[in-house]
Trainee: 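Here it is: the structure, laid out below.
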Amino acid sequence: MSATGIASAHRPPGPSGLPILGLTLAIRKDALGTLRRVAREYGDIVRLPVAFQDRIFLNHPDFIEQVLVLQQAKFHKSELTKRITEGLLGQGLLISEGDFWRRQRRLAQPAFHRSRINEYAATMRESVQRHIQAWRGGDERDLAAEMMALTLDVAVRTLFGTTLPTEARRVGQSMTFLMRYQLGRQRSPIRIPESWPTPRNRRAHRERNFLDSLVYQFISERQANGNSKHGTDLLSLLMSAMDEDGTQMTPQQLRDETMTLFLAGHETTAQLLAWTWYLLSENPSHESRLHEELNSVLAGRTPEPADFAKLPFLHAVISEVLRLYPPAYITARTSIAPAQIGGYDFPAGSTMLMSQWVMHRDPRYYDEPDSFRPERWLNGLASRLPSGAYFPFGDGPRRCIGQGFAMLEAAIVIGTLAQNFQFQLVRDHPVVPEPLITLRPHNGIRMTLHARC
Ligand code: HEM
């Protein structure tokens, strides 16, 4: 056995010797480009030595399906994911495991049933209308920041039954800072303890306290209203949910679930929307086709769930944006039992990396993989692809609980905004994907608005 625990006689290929140092530096400098290059050079299963630890990088849909679906019981969320997110999310749905996770997922699930989600549509439409009330043709706006503020408003109204007007923009800044802070700590060779009062540690502490205070505000407002037993929003369900043994969630559990849904419930959708405006502005012929479809089906109305079956191109646009700029661009698992993947044996404790960014641009599954071509989704591609070739919402039992919510929100926001405005990227504004915990446009997306009606 090697020091990493993988049987050395039979190990997946991967860089060794001096290239390891080069690889670590390359990942730090350009993680997205490096992951694609490694997949091209070494193939479907690669031993990736990063920071003196082997990770196994899976670049074949079948191997991804093995980890996320077929052998999922042998895998937990990775130690790395936990280290990065646990400080903020605690033991919320995203990272909890085992019986505790199953119970919490069962309790939260009713808030995400199709019928329940469709009831959120009216609130979503209202939020969008209110958000763009002050927008005028000729304005220059950062669409990434705007989408964060909008999806935050939607999440707070629908999931927690309250409003948060003044704080909205700061939540986005807090999250950006905390993501950079956590990833920076993981990537740094020297890790200063978080308790030391450096300026960055102090700011991280302040930002966490700020987010915590918001979440506790949602909870105490709901408790003060005394309607936790009757409300049908997510927070009410969580507050009144009883397990079979009659116990309720502790205040800490409630805080962790609320924080998880608060952050997971708006940030990823905001990134999807921001990338949508960027890709449409770069691809005018597709933008026109979308406008035509919206004009003929909606004629100026805001879309409702009943319209969606008549808007196939809108859905194709969303699928294509999720392919090219998946907000969750990498997924990791650590094995808790021996597992065999791709003909190799891995002991418990092996970490598997699966990248949506890499798989979604694999030329074996997508023609012209780097081009924005929504029409590729119009002829049943989704049902022909192996599941591990396209997994923007993950797969298996840990698949995103909010997928239906996100798709409905995206369709309402795009369907409404695209009928009112055309967005043009401000000249020379650099759009650079930044792989934080989610895939974000590093400098935002500055656009000029042109009124359409
Ligand atoms: C475009 C938007 C979204 C994307 C791309 C996305 C992506 C994902 C992915 C890839 C996972 C699985 C992570 C893994 O396997 O390790 C996940 C899980 C999760 N997502 Fe989403 N998500 C989105 C929107 C939402 C929304 C709107 C909510 C809530 C309202 C949400 C809540 C969650 C939760 C709670 C989990 C953990 C589920 C579990 O493990 O049981 N997400 N999401």
Side-chain angles (χ1 to χ4, degrees), residues 64-65 67-69 72 75-82 84-85 89-109 111-113 116-117 120 123-124 147-148 150-152 154-160 233-235 237-238 256-276 318-334 351-357 359-360 387-388 390-414 437-440:
I64 293 172
E65 190 186 23
V67 173
L68 295 182
V69 187
Q72 53 80 23
F75 292 91
H76 274 181
K77 296 289 173 108
S78 77
E79 290 310 314
L80 193 69
T81 311
K82 288 183 183 166
I84 292 175
T85 53
L89 303 183
Q91 281 303 302
L93 261 186
L94 201 62
I95 48 179
S96 57
E97 301 285 0
D99 288 345
F100 180 69
W101 164 76
R102 256 184 295 283
R103 168 190 187 249
Q104 299 296 90
R105 175 114 186 179
R106 201 177 53 236
L107 295 182
Q109 199 72 56
F112 294 96
H113 283 154
R116 185 76 200 101
I117 285 178
Y120 296 144
T123 312
M124 290 175 177
M147 294 302 105
M148 279 286 259
L150 173 56
T151 56
L152 180 73
V154 169
V156 170
R157 282 171 193 275
T158 52
L159 301 177
F160 307 125
D233 63 60
L234 184 70
L235 190 51
L237 280 171
L238 293 179
D256 291 352
E257 295 305 356
T258 308
M259 180 66 85
T260 298
L261 289 157
F262 172 48
L263 299 185
H266 81 280
E267 209 268 342
T268 38
T269 313
Q271 306 314 328
L272 160 63
L273 292 168
W275 290 117
T276 301
I318 297 172
S319 300
E320 185 69 344
V321 176
L322 286 169
R323 183 184 73 81
L324 279 174
Y325 290 96
Y329 64 97
I330 197 157
T331 300
R333 293 286 189 274
T334 299
T351 293
M352 308 287 157
L353 299 179
M354 297 148 282
S355 169
Q356 285 89 341
W357 172 267
M359 280 315 304
H360 291 185
S387 66
Y390 185 70
F391 58 117
F393 293 98
D395 206 350
R398 304 302 299 251
R399 179 184 267 271
C400 179
I401 199 172
Q403 176 172 353
F405 183 101
M407 293 301 277
L408 175 69
E409 183 177 4
I412 289 178
V413 174
I414 299 168
I437 295 171
T438 53
L439 190 64
R440 290 167 153 234

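Values in this document were obtained by computation on a predicted structure and should not be read as measured data. Nothing fancy with the numbering, it's 1 onward along the sequence. Note that ligands are numbered from 1 as they come in the structure, with each ligand's atoms numbered from 1 the same way.
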Trainee: Verify, without hydrogens or angle tests, whether Q356 (side chain) and I330 (backbone) share a donor-acceptor contact under 3.5 angstrom.
Mentor: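 Such a contact is found between Q356 side chain and I330 backbone.
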Trainee: Taking a cutoff of less than 4.0 Å between a non-hydrogen atom of the residue and any ligand atom, is I95 in contact with ligand 1?
Mentor: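 Judged by the 4.0 Å heavy-atom criterion, I95 does not count as contacting ligand 1.
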Trainee: Specify the protein heavy atom at minimum distance from atom 36 (C) of ligand 1: its residue, its atom name, and the distance to 0.1 Å.
Mentor: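 Here the nearest protein heavy atom works out to L94 CD1, 3.4 Å.
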Trainee: Hey, is ligand 1 close enough to Q356 that some N/O pair sits below 3.5 Å?
Mentor: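 There is no such contact.
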Trainee: Specify the protein heavy atom at minimum distance from atom 29 (C) of ligand 1: its residue, its atom name, and the distance to 0.1 Å.
Mentor: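 Ranking protein heavy atoms by distance from atom 29 (C) of ligand 1, first comes G265 CA, 3.5 Å.
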Trainee: Under 4.0 Å from a heavy atom of R333: give me the atoms of ligand 1 that qualify, with their elements.
Mentor: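 Listed by number with element: 14 (C), 15 (O), 16 (O).
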Trainee: Give the residue, atom name and distance (to 0.1 Å) of the protein heavy atom nearest atom 38 (C) of ligand 1.
Mentor: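 Of the protein heavy atoms, R105 NH1, 3.3 Å lies nearest.
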Trainee: Have a look at ligand 1 and work out which part of K77, if any, has a heavy atom under 4.0 Å from it: side chain, backbone, both or neither.
Mentor: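 Near ligand 1, K77 shows its side chain, while the N, CA, C and O stay back.
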Trainee: Classify the ring geometry between F405 and F112 as parallel (under 30°), tilted (30 to 60°) or perpendicular (over 60°).
Mentor: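 If you compare the ring of F405 with that of F112, the planes turn out perpendicular.
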Trainee: Between R105 and E257, does any NZ, NE, NH1 or NH2 come within less than 4.0 Å of an OD or OE carboxylate oxygen?
Mentor: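 Between R105 and E257 there is no salt bridge, as every charged N stays at least 4.0 Å from the carboxylate O atoms.
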Trainee: T269 versus ligand 1: do any nitrogen or oxygen atoms come within less than 3.5 Å of each other?
Mentor: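 In this structure, T269 places no N or O atom under 3.5 Å from an N or O of ligand 1.
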Trainee: What residue and heavy atom of the protein are closest to atom 40 (O) of ligand 1, and at what distance?
Mentor: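 Result for atom 40 (O) of ligand 1: R398 NE, 2.8 Å.
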Trainee: Heavy-atom distances under 4.0 Å are what count here, so tell me which part of A264 touches ligand 1: side chain, backbone, both or neither.
Mentor: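 Both parts.
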Trainee: Do ligand 1 and W101 have nitrogen or oxygen atoms that lie under 3.5 Å from each other?
Mentor: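 Such a contact does occur with ligand 1.
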Trainee: Under a 4.0 angstrom heavy-atom cut-off, which atoms of ligand 1 come close to P392?
Mentor: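 Counting from 1, the qualifying ligand atoms are 5 (C), 7 (C), 10 (C).
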Trainee: Identify the closest protein heavy atom to atom 18 (C) of ligand 1: which residue and atom is it, and at what distance?
Mentor: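 Closest protein heavy atom to atom 18 (C) of ligand 1: C400 CA, 3.5 Å.
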